[in-house]
Amino acid sequence: MTLLTERQKICELCRLFWQIGWASGTGGGIAIRVGETILMAPSGVEKENIEPADIFELDRQGHVVRAPDRPFKLTACAPLFMAAFTHRQAGAVLHSHSLHVVLASMTVPAGEPLRLTRLEMLKGLQGVGYFDTHEIPVIDNTAQEHQLADRMEAAVLAFPLANAVIVRNHGVYIWGRDVVHAKTQAECIDWLCRCHVAMHTGGLSNLTHDRSQPTDVA
Ligand code: ZN
């Protein structure tokens, strides 16, 4: 089996994401690019029980090169993963149904991005600082996941500084230069959304008592 290490990594992360609620009920997914080859977790299966042989292999155009022996389907997320591989040269893309991101999406008015500032975990996101106002696009959901592809592509192109697209009431697509980077970006966004929702729910503002200035930070 080719690319066994990366196939094992997808299985390991699917198990991890299932444990923390990002991929329960067969939801969520992961794709890793190795050169011109893209490995993608199958659809509609228990993400905690995927084997390395169950991973699909695609080319850079999104065509299946090798399918698993078991009768699994390619994920309907495939065109959405491809948007990040094609337009942002991503090395890995995750799709999670993180409850924190879903709740955060409900606080964002239609047509606006989620705006985050002055939270330490912003520094974990690529190219973002504590004092920046970071915008993550929020697109509306559709009945079928593959119908999201056009909206996802438009959001990827419209927000070149973001490496995530939130799907309202659904979840989030997050990418990075490699699988570790994509995972840490996802962890930061999960934390930021959890904090955002807690502030929203509790009537708190992170700006009320923050007197720090950009010059305070080395
Ligand atoms: Zn989904």
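When a ligand or atom number is given, it counts from 1 through the structure's own listing order. Atom set for the values below is all heavy atoms of this structure, side chains included, hydrogens, waters and symmetry mates excluded.
Without hydrogens or angle criteria, Arg168 side chain to Asp140 main chain gives no donor-acceptor distance under 3.5 Å. Side-chain atoms of Arg118 do not come within 3.5 Å of backbone N or O of Asp132 as any donor-acceptor pair.
Note: Phe17 and Trp22 have tilted aromatic rings, judged against thresholds of 30 and 60 degrees for the angle between ring planes.
Geometry note: the Zn ion (ligand 1) is the vertex, His97 NE2 and His95 NE2 are the arms, and the angle is 100° (rounded to 10 degrees).
Taking the N/O/S atoms of His170 in turn, the shortest distance to the Zn ion (ligand 1) belongs to NE2. Within Glu145, the N/O/S atom positioned nearest the Zn ion (ligand 1) carries the name OE2.
Side-chain N/O atoms of Tyr130 and Asp210 include a donor and acceptor closer than 3.5 Å.
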